[in-house]
Amino acid sequence: MRTVTPSDLAAALATDLDGAFPDLVRETSAGVFSGALRLVGNRHDAEEIAQEAFLRAYRALQGYPTDRIRDMNPAAWVWTIAANLCRNHHRTRSRRPVTADLTVDPTDRSPGPEAEAIDRTQEERLAAELQRLTWPMRAAVVLHHVVGLPYEEVAAALGRPVGTVKADAHRGLARLRSRIEEVRP
Amino acid sequence: MMSDRLTAELSELAVDAPHGLLPNVLVGTGIADGYVRRHSMLGDVLVAFGNKGVTALELAGDPGGFVTTYEDRYGRRAIAVDRMPPRIATHLDAAIAAGRPGRLPVDLDRLTPFQAAVLRTTAKIPRGEVRPYGWVAKEIGKPAAVRAVGTALATNPVPLIIPCHRVVRSDGTFGDYSLGDPENKRILLAAEGLDVSAFSNLAGRGVRFTGSDTTGIFCHPTCHRARRIGATHRVDFTSEQEARHAGYRPCLVCRPVAD
């Protein structure tokens, strides 16, 4: 999917931030939005987070020396910001008591919990199961398997060792697999 | 790592970014300015804004032309967005409807200090009232610059919000208007409750000020105080001198004579 290599993009950002930043957003926005969507579970918050991540990225780049920008992998670096925002969102969410109406996605037009379980597409079911994973597992699974970041970039984005991230992703997958298999005919 | 059905399904959970994301980010960073479409008395308008507030308003007929003109004028790109900063979103529709900025931030820093001063003074003219070009010139301390005031208003980047339609010629004709047809000026003033033909007749007869013989105060004829004067107490003047000689003093609200 990447039409510009990370180092091209980094060089362009270093020489002309305002000129190249739109390219960074174009290259990475689908990934950042998809990842945020699958991490926080709803489009509205995901869009807010993606937007905020890019705004913070821009402000940070404004203050960085050009050498530092040239050496970075911009797309992976944006994810360090986005992952933090998702985790903060997750924390405030889990501290706040979840009321019944908050758990219902307003775009979900299915009639009730039982019918929902039957009617839901496989995709929706998988997305919902992701929400049930613990944060470390969910983050590792989403960044690696949905966004498609290599484990090294996932580790950098989450600020954790590569081995830990791999283990989390494997355990997350195993858990998803057992839950999905349960309901699969 | 085995590639199986589950990992394939996970990779299919990736979606496209919402259309608004890129423009909203570009505007939020200040790399570009944004514009939105709103309703007005004169039909739909496009309203552009940057980091410091609203920068332009134009009839929505030709968005391509709007973007080109914008870039020529400000050297910045304007892109269509689906959201505005809260401080603009909250006040924009009210400002367009009321014909004054109110609490809406309007960015006049990109204009010359002269034009900015003209527009700031114009913004204070109340709804349904009009002032001559010469009054604006006096209020900004440049009484001789009447023609320059006319030019500054003709190139008002934010008509409707800064009500340049409330500045008219002292002979009672309405002059040019920066938003579409000159007739629009009359339409707006009539909608604000000004009796357009009565005002034109009065000014056409040479009346510049209206006084009350009970208070001894003279006003612009459209000042809301002047409009309360009963027919029996109403005195018309063709000049400041005439009013002063008759022992009248200027109204403190509409400031018919700048100090």
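Below, chain A is the first sequence line, B the second, and so on; all start at residue 1. The figures here come from the full heavy-atom set of this structure, side chains too, leaving out hydrogens, waters and symmetry mates.
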Applying side-chain contact (heavy atoms from CB on, under 4.5 Å) between Thr29(B) and each of Leu55(A), Asp18(A), Val25(A), Leu61(A), report the one that passes.
Leu55(A)
Taking the side chain as every heavy atom from C-beta outward, state whether [X] and [Y] have any pair of such atoms under 4.5 Å apart.
X	Y	result
Leu6(B)	Leu126(A)	yes
Leu13(B)	Leu37(A)	no
Glu12(B)	Gln122(A)	no
Tyr58(A)	Ile31(B)	yes
Val32(A)	Leu21(B)	no

Please say whether more than 12 non-hydrogen atoms of neighbouring residues, nucleotides or ligands are located less than 6.0 Å from CZ in Arg77(B).
no
In terms of heavy-atom contacts, does CZ of Arg175(A) have more than 12 from other residues, nucleotides or ligands at under 6.0 Å?
no
Basic-acidic side-chain contact under 4.0 Å: Arg125(A), Glu9(B):
no
The interface call for Leu26(B) against chain A, heavy-atom contacts under 4.5 Å, is side chain
Please look at Val141(A) and chain B and tell me whether the side chain, the backbone, both or neither of the residue comes under 4.5 angstrom of a heavy atom of that chain.
side chain
Under 4.5 Å to a heavy atom of chain B? For Arg43(A) that would be side chain
Backbone N or O of Val15(B) within a donor-acceptor pair of the Ser34(A) side chain at under 3.5 Å?
yes
Flag, side chain of Arg38(A) to backbone of Ala14(B), donor-acceptor distance under 3.5 Å
no
For the pair Phe21(A) and Val25(B), evaluate side-chain contact (heavy atoms from CB on, under 4.5 Å) and give the outcome as yes or no after the intermediate values.
CA-CA 10 Å; Phe21(A) 194 78; Val25(B) 167; 3.8 Å; yes
I need the minimum non-hydrogen distance between Phe33(A) and Ala17(B), along with the two atoms involved.
CD2-CA, 4.0 Å
